[in-house]
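The structure appears right after this line, and notes come after that.
In what follows, chains carry the letters A, B, and so on, assigned in the order in which the sequence lines appear, proteins first and then strands, with residues in each chain numbered from 1. Basis for what follows: all heavy atoms, side chains included, without hydrogens, waters or symmetry-related copies.
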Amino acid sequence: MINVLVLSQHSPFDDMHIRDALDMTLIFAAIEQNISWLFTGPAVLALKKGQHTDPLGLKNYFKSIKTLEIYDVENIYVCEKSLVDFNLAKSDLLINVNVLDFAAQSKLIATQHQVVNL
Amino acid sequence: MINVLVLSQHSPFDDMHIRDALDMTLIFAAIEQNISWLFTGPAVLALKKGQHTDPLGLKNYFKSIKTLEIYDVENIYVCEKSLVDFNLAKSDLLINVNVLDFAAQSKLIATQHQVVNL
Amino acid sequence: MSTLHIFSKPISYYATERLANLIQEHDSVLLVGDACYSTYLYRQFSSDLLFLAEDALARGLTINESDNALNYADFVALTLSTSQSITW
Amino acid sequence: MSTLHIFSKPISYYATERLANLIQEHDSVLLVGDACYSTYLYRQFSSDLLFLAEDALARGLTINESDNALNYADFVALTLSTSQSITW
Amino acid sequence: MARFVLSIHCAPSDHDTTQRLVKFAHACLAQGHTIDAIFLYQQGVFHASQHLNLASDELAISALWQTLYEKKINLMLCVTAAEKRGLDITKKGIFSIAGLAEFAMLASDADKWVQFK
Amino acid sequence: MARFVLSIHCAPSDHDTTQRLVKFAHACLAQGHTIDAIFLYQQGVFHASQHLNLASDELAISALWQTLYEKKINLMLCVTAAEKRGLDITKKGIFSIAGLAEFAMLASDADKWVQFK
């Protein structure tokens with residue numbers, strides 16, 4: 001089992017970036033690697049509660065984010081500074097996450113075998 | 001005859017952005033509209049002298065930039081602040097350009113019928 | 001002679017300093033898509049921000065009465081009441 | 001346990017503040033492609049910048065003897081001497 | 001009544017921008033304006049692909065372009081941009097193949113050009 | 001000797017990144033390392049297009065992929081990414097169709113995964 005970190009930095013509907021990252025995270029969980037997913041910058045907005053993009057015709061992938069735990073993806077990390085930048089509190093988020101300062105993010109990266117930025 | 005402004009903001013080999021802008025500029029010149037091309041941010045690097053990307057296998061579009069004048073494209077504008085950001089002087093550039101401060105850029109934009117950001 | 005500036009991403013996607021200098025006081029700034037998440041960060045571009053109501057609502061934002069929330073008919077009208085548009 | 005950070009665009013493309021905080025002193029920073037135009041702007045990430053020689057030369061930059069200019073064999077070796085790479 | 005041209009610059013994987021362009025176009029027509037062309041440029045050329053295969057909970061991109069075609073809007077695909085990007089221009093469906101010059105002429109005659117990206 | 005996987009995330013219109021990936025791959029092999037796969041993901045799927053039509057002064061993208069294929073590198077095209085983006089997966093040429101799981105397994109076994117974007 002290796003440690004794999006998926007990095008997300010794009011805003012929720014910037015192309016399919018977050019959805020590609022979600023797929024990658026779920027696949028590594030499915031093949032039983034130790035997967036982590038780190039949200040930084042505008043990507044933290046993908047964890048925001050109360051979004052309903054179905055009226056726009058856009059796939060509501062927030063539902064899948066909510067089911068990450070069921071698929072044994074427990075290592076969801078969020079950049080503390082980015083939450084502040086977007087005025088979000090932990091209670092504004094869809095799921096329970098680990099909020100990390102920069103030092104903790106660096107440490108997380110250092111313990112990985114592979115890091116993929118999507 | 002209408003005033004059309006092509007805006008470039010991307011760095012020289014970021015996808016085909018600058019080349020798309022070059023094509024657009026030349027076409028509007030060919031159909032005899034009053035075309036202007038404004039370089040801001042990393043796009044100013046596309047005007048830098050002494051680049052030879054043929055060894056990398058990349059099309060040397062700098063040659064085409066040099067021939068803009070022949071095609072009657074005379075309104076080439078460059079953001080003053082961006083030149084400073086990239087440590088470039090007017091003499092470092094391939095062609096003769098008009099260097100504009102922000103106020104002059106705003107004025108340029110205001111006199112256009114169409115602005116296309118590529 | 002005013003310009004319509006259209007933004008579709010959070011402000012960190014753009015060259016903020018350059019744009020703050022380019023955008024004129026009488027210009028219009030319209031936020032669509034993912035730019036609606038953080039309208040307040042766009043105040044540096046304009047004191048009178050416009051945004052697309054359905055894009056903001058889909059993203060879970062509440063619209064106040066004082067907000068300039070537009071529908072698509074307004075968006076079209078806005079492109080006609082300004083001299084030219086730039087999609088940044 | 002050091003990370004290789006790879007950049008291919010001028011620094012204005014990136015979230016500079018966040019990255020400056022993330023990149024550790026013992027990490028390696030490699031500039032390729034259009035990142036080579038403005039290596040000096042990357043000093044905030046590392047005092048010991050590496051760059052791809054042929055990408056810098058193609059862009060008309062001069063390489064000094066003190067520079068850490070790499071060829072592709074060095075690039076491959078660098079990915080092996082670091083624990084993991086991130087292409088930003 | 002005004003004459004518009006629109007252009008799309010993002011790939012069909014950018015569903016959000018795509019739905020916005022389509023809604024804007026219909027709103028233009030609803031107000032009695034004319035759309036002389038929608039131009040597929042840069043990564044936007046891939047909207048003319050005949051091989052988009054999306055799940056039913058995804059944005060129905062091909063169906064949306066069909067609604068614009070049915071309103072008789074000229075959906076112009078930039079041929080040089082398409083060839084450089086690997087789109088099969090022999091299967092163009094409801095899109096018409098055009099050069100940059102054709103579009104530039106329409107854009108010069110239009111009252112407004114709005115980009116979607 | 002190490003085992004690599006590489007992935008490409010940008011469209012074939014990004015010539016600079018493309019030439020860099022190809023050179024990196026050949027340098028890996030020259031040093032005796034193995035490349036278990038090159039994965040086409042996100043906009044990178046369009047590299048598998050059989051319809052790239054570039055002028056002779058452009059980067060010869062198809063020929064470059066051919067040089068990697070001749071070195072027996074597995075050029076894997078992500079099928080779901082391709083379908084969502086409109087690539088014709090029935091004409092795959094030298095690329096093999098793969099799911100994300102197949103690639104993830106190779107990436108888990110590899111010593112290094114280097115992304116090109």
Side-chain angles (χ1 to χ4, degrees), chain A residues 7-22 38-66 78-97 99 102 105 117-118, chain C residues 5-20 23 29-47 49-76 78-79 85-88:
Chain A
L7 263 183
S8 284
Q9 300 196 93
H10 289 84
S11 80
F13 293 94
D14 180 357
D15 209 273
M16 293 198 172
H17 286 282
I18 303 289
R19 293 182 47 197
D20 293 336
L22 175 64
L38 172 61
F39 292 77
T40 73
V44 301
L45 294 162
L47 295 171
K48 189 176 164 289
K49 265 185 199 162
Q51 306 198 57
H52 306 281
T53 48
D54 338 34
L56 299 182
L58 304 177
K59 188 183 162 96
N60 189 338
Y61 69 78
F62 305 106
K63 281 183 205 159
S64 315
I65 287 184
K66 267 166 116 173
V78 170
C79 167
E80 187 175 39
K81 171 70 165 62
S82 304
L83 284 182
V84 173
D85 286 347
F86 288 101
N87 223 345
L88 292 169
K90 252 188 101 162
S91 58
D92 294 323
L93 306 185
L94 279 175
I95 50 171
N96 189 28
V97 300
V99 179
F102 290 119
Q105 290 173 55
N117 181 19
L118 289 173
Chain C
H5 301 271
I6 305 171
F7 296 91
S8 63
K9 298 287 182 305
I11 202 163
S12 55
Y13 277 70
Y14 304 101
T16 332
E17 190 203 340
R18 192 153 27 86
L19 287 167
I23 297 171
V29 173
L30 173 66
L31 308 180
V32 303
D34 285 355
C36 297
Y37 281 115
S38 48
T39 52
Y40 57 97
L41 295 173
Y42 276 97
R43 280 193 205 125
Q44 59 185 297
F45 290 171
S46 169
S47 53
L49 292 170
L50 309 162
F51 62 89
L52 213 47
E54 64 173 72
D55 285 4
L57 288 171
R59 286 163 179 82
L61 294 125
T62 45
I63 299 179
N64 300 317
E65 247 181 84
S66 60
D67 286 337
N68 287 313
L70 271 52
N71 62 25
Y72 275 92
D74 302 327
F75 184 0
V76 171
L78 183 63
T79 62
S85 69
I86 306 179
T87 305
W88 291 102

Subject >> Side chain / backbone / both / neither for N87(A) at chain C, heavy atoms under 4.5 Å >> reply: both
Original post:
Does K66(A) NZ have over 12 foreign heavy atoms under 6.0 Å away?
Top reply: no
**OP:** Specify the closest pair of heavy atoms between D34(C) and S11(A), including all atoms of both residues, with the distance to one decimal.
**Re:** OD2-OG, 2.5 Å
**OP:** Spell out, as yes or no, whether a donor-acceptor pair under 3.5 Å connects the side chain of Y37(C) to the backbone of P42(A).
**Re:** no
Original post:
In terms of heavy-atom pairs under 4.5 Å with chain A, which of G60(C), A58(C), G33(C) leads?
Top reply: A58(C)
Original post:
Roughly how far, to the nearest 0.5 Å, is CD1 of I11(C) from CG of D85(A)?
Top reply: 11.5 Å
**OP:** Tell me, yes or no, whether the heavy-atom count around N64(C) atom CG, taken from other residues, nucleotides or ligands under 6.0 Å, exceeds 12.
**Re:** yes
Subject >> Contacts with chain A made by residues 38-46 of chain C (heavy-atom distance under 4.5 Å), listed by residue number >> reply: S38(C), Y40(C), L41(C)
Original post:
Side-chain contact, heavy-atom cut-off 4.5 Å: R59(C) with F13(A)?
Top reply: yes
Original post:
Do any of residues 50-57 of chain A have a heavy atom less than 4.5 Å from a heavy atom of chain C, and if so, which, in residue order?
Top reply: G50(A), Q51(A), H52(A), T53(A), L56(A)
